[in-house]
Amino acid sequence: MPAKIQKREDETMSIKSGAKGDLVLNLQKRLFELDFPLGSIDGTYGGKTKKAVIKYQEATKLKADGVVGPVTAEKLGLGYIFNVPELERRQFKTLLASNPNYFGNAPDSEYDPVSDVSNSKKYEEITCIGFNPDTNILSATIQVKLPYGYNGNQCSAGSMEHVRFYIDYADGDGWEDAGLAGVKVWDLPNADDCADKPNKPLSYIVSIKIDPKDKKKTCVNPVLPKVRAILSWEIIPAGSDPDWVPIWGNVMERHIQIKPKPWLTNIPVDFVKSEYIGVLDKLPELPELAPIDIPGPPPVEFPELAKLYTSKNFIKSAGVKVEPQRFGYSTLKMISETSLPDPGLISTTLAEWKGLKLDLGKAVDLLSKTAANTSYEELYCVGLNPNRDWLEATFTIKKSAGYSGGLCKSGSKEYVAFWADWDNTCNWTYLDTVEVNTHDIPGIPADGLSYTAFLPVDLDEVRRHCSKPKIGRIRAVLSWNQPPSTTDPNNLRHYGNRLDAHVQIKPAAPKTLIERIGGVSVSQIDYIGNGKTKVGAQVMPSGSLADYWGAGSNECPFGGTMYIVGKQFNDGKYRLKVRPFGNPGAEKIVKTKFLITKGSNPPTLITPDPVSGFVNYADVFDNQDHMLGWWRSGSNNGMWEIMLERVRPDSTVEVSPWYKIHLDNIEAHAEISLDGGACKTFVKGDTAEITGKFIATDTHFAGFTLRTLPSSISPPAPLTPGTLSSSTGSMTTGRTEAVSPGRVWKLKVDDMIPCGYVVVLHAYDQTIRSNHSNAHSYGRDDVGFCLLEK
């Protein structure tokens, strides 16, 4: 194995003095055509060629250094000469297949590293992480920077950008794997838009839904976890290693705010004793039989807010002095925007401000001079989530106060207006405005708190064939406590900012009555053949590969509760039917209750007719996920079929095909043993290695994990031949089945602390369980032992 690490190519390729070959020849010909004399055209970058390049750069107001990089080449009309990815990108998977440690990010392997490419942001980069507390949706914004390096154009398979999310709630448990998301990307040509700006980077957003229910506390105790997002091109980031280093991609961390537990509005929080708050924090939330909208607390009146923000103790503890034009914003706006102010109102307001020792006139003047202030909040990213067809904007709250009260109060609103120019005409079309609730939160982290606002959009009318890439322009306008203009996309309010981005609109795909089953598009299911996913299928809306273990190379069955998603209509009704394949007489109507969502509003519970199973179609924008129903596959296995029957308002009936689905709700088999019997005692020093055997099998086997617990003292992982151990030192994984009589596992005890231990085995199958690519069915077994001091 080669031990010497090769230096990678510069992040920016270039042609400079001493270069030879066809690239130089093309450059010289172009300079000659543009009448920049350079002597002979010989394919050698000599002194005369360099002088000609410098003269061209000076004439075009570029950096005159005599080096032809992508910017100069693009200006010359030779941008294509750099559109060749380096070897590490072109043959990425081949290089890894020949050496898992080719790039040095698998140090526990037996291979030596060859290249030092890692954390490269040349092609793609995470630029924002955001969270929407009302929906528990966690998002990351990815910028795709170049027109090449993504394995083909839109009509090809393209490549995958994977994002693994980790969350640290600072409760002592450390980083928790929150889930995997992904998005398909392609080579898309460079071009200037109608405003003469380049169409790169392209902003993509991926998202997952988390369930922080067990982490929630009352409004008295803010929950502000740190999120880590790992972006990795073509390789799925490890699910057990938050320190995993991506090769092509990067890592970002940001803090978010979890929405508190609902507070009973008839119990004033100020009168609840502190010792009872701790008890309430530990109580689980009551289960809801149906979603309910609990009214929030009333807004804080201006006098109370003024007394709070001018208190010396508050200013000292919060570390923020909120200006009167900020906390008196609503009053000042009412006065300044009234064409004929009521003298009585002015007089009363003056007296109120004077009584609070505040200068109303000065505050009005300062507010009039305040425009696009970003000291409290700022928009950092905007993009399109192609898996959901949502526009999303991420902004950061920068201060601990200035948001009209804490989490136990109503707080304030951050408004985001979305605009679009889908056809690149430089004419903005207003879409809608959404809002996110923010509050004063003491002890805000140095990086602030990141929030995401989102807006579902209908892009069917602007989609094109894959041979005609469609790049649109979008704009987000942020405004605090006042909705942005709906008529002027350039109008900025007193607090907030605007941000533009270019986005790729997915190619057109035929719309069908049923579009997705179990999170997978029917076009990516072999519903005529084996009923499994096709190779490379994705699970939506996260966009992650259906075949989590095999990185998209295997076909997967289905299981659990499957979401049925499809085309929406504003009228008529429908129902879903299922049956075992080849048995029409066993047909069943799906009557399971299910939820639909709209923006940040509470979900709506939908109940099919108890007899016929029919459901009325909801308005398209009231059902942002296009949910049609839930099919609980239970303990069913083998081949099943599902279809949809639509009844139009004129009573005509339209039916979908029967889609064949292969169900596998049987857990994988897991069995582990300890040589010499379970619960055996070993003495450190007398025993260097503990051994045993395990079995991990399934009809659709995916992989296994071996882990040593308790993880709190970071014991080493049990090892078995042919697998790699996680760098966390507590888990090893494998994909090869361990069949009877069992595969050997070994655990070195030299560095282990004397304690009681448990070795845990999980055996996983490839089933896409309940619409998640990494929520497979699994079997579990464990064995314990005791390690004593000598």
Got a second to check how far [X]'s [atom1] is from [Y]'s [atom2], nearest 0.5 Å?
| X | Y | atom1 | atom2 | answer |
| --- | --- | --- | --- | --- |
| I768 | K532 | CD1 | NZ | 11.5 Å |
| E124 | E234 | CD | CD | 9.5 Å |
| H662 | T533 | NE2 | OG1 | 11.5 Å |
| L180 | I236 | CG | CD1 | 5.5 Å |
| H162 | L545 | NE2 | CG | 4.5 Å |
| L674 | T691 | CG | OG1 | 7.0 Å |

Are the ring centres of [X] and [Y] closer than 6.0 Å?
| X | Y | answer |
| --- | --- | --- |
| F594 | Y563 | no |
| W549 | F701 | no |
| W186 | Y150 | no |

Does some side-chain heavy atom of I589 sit less than 4.5 Å from a side-chain heavy atom of R575? yes

Beyond-backbone contact of I142 with L231, side-chain heavy atoms, under 4.5 angstrom: yes

Determine whether I642 and I564 satisfy the following criterion, side-chain contact (heavy atoms from CB on, under 4.5 Å), listing intermediate values before the conclusion. CA-CA 9 Å; I642 184 167; I564 311 303; 3.5 Å; yes

Cation-aromatic face contact [X]/[Y], 6.0 Å, 45 degrees:
| X | Y | answer |
| --- | --- | --- |
| R769 | Y778 | no |
| R579 | W640 | no |
| R463 | W422 | no |
| K660 | Y527 | no |

Which is it for L605 and K593 under the side-chain contact (heavy atoms from CB on, under 4.5 Å) test, yes or no, and what are the steps along the way? CA-CA 7 Å; L605 185 67; K593 297 179 181 180; 4.1 Å; yes

For the pair F704 and Y764, evaluate ring pair (Phe, Tyr, Trp, His ring centres under 6.0 Å) and give the outcome as yes or no after the intermediate values. CA-CA 6 Å; F704 62 79; Y764 295 91; 9.6 Å; no

Could you tell me which non-hydrogen atom of R743 sits nearest to which non-hydrogen atom of T736, and how far apart they are? NH1-O, 3.1 Å

If you measure only the distance, is there a donor-acceptor pair under 3.5 Å linking the side chains of E555 and N530?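 The criterion, which ignores hydrogens and geometry beyond distance, is satisfied for N530 and E555.
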
If we ignore angles and hydrogens, is there a donor and acceptor under 3.5 Å between the side chains of S635 and N665? no

Among T452, N132, N385, which one satisfies side-chain hydrogen bond (donor to acceptor under 3.5 Å, both in side chains) with E392?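 It is N385, the one option of T452, N132, N385 that forms the side-chain hydrogen bond (donor to acceptor under 3.5 Å, both in side chains) with E392.
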
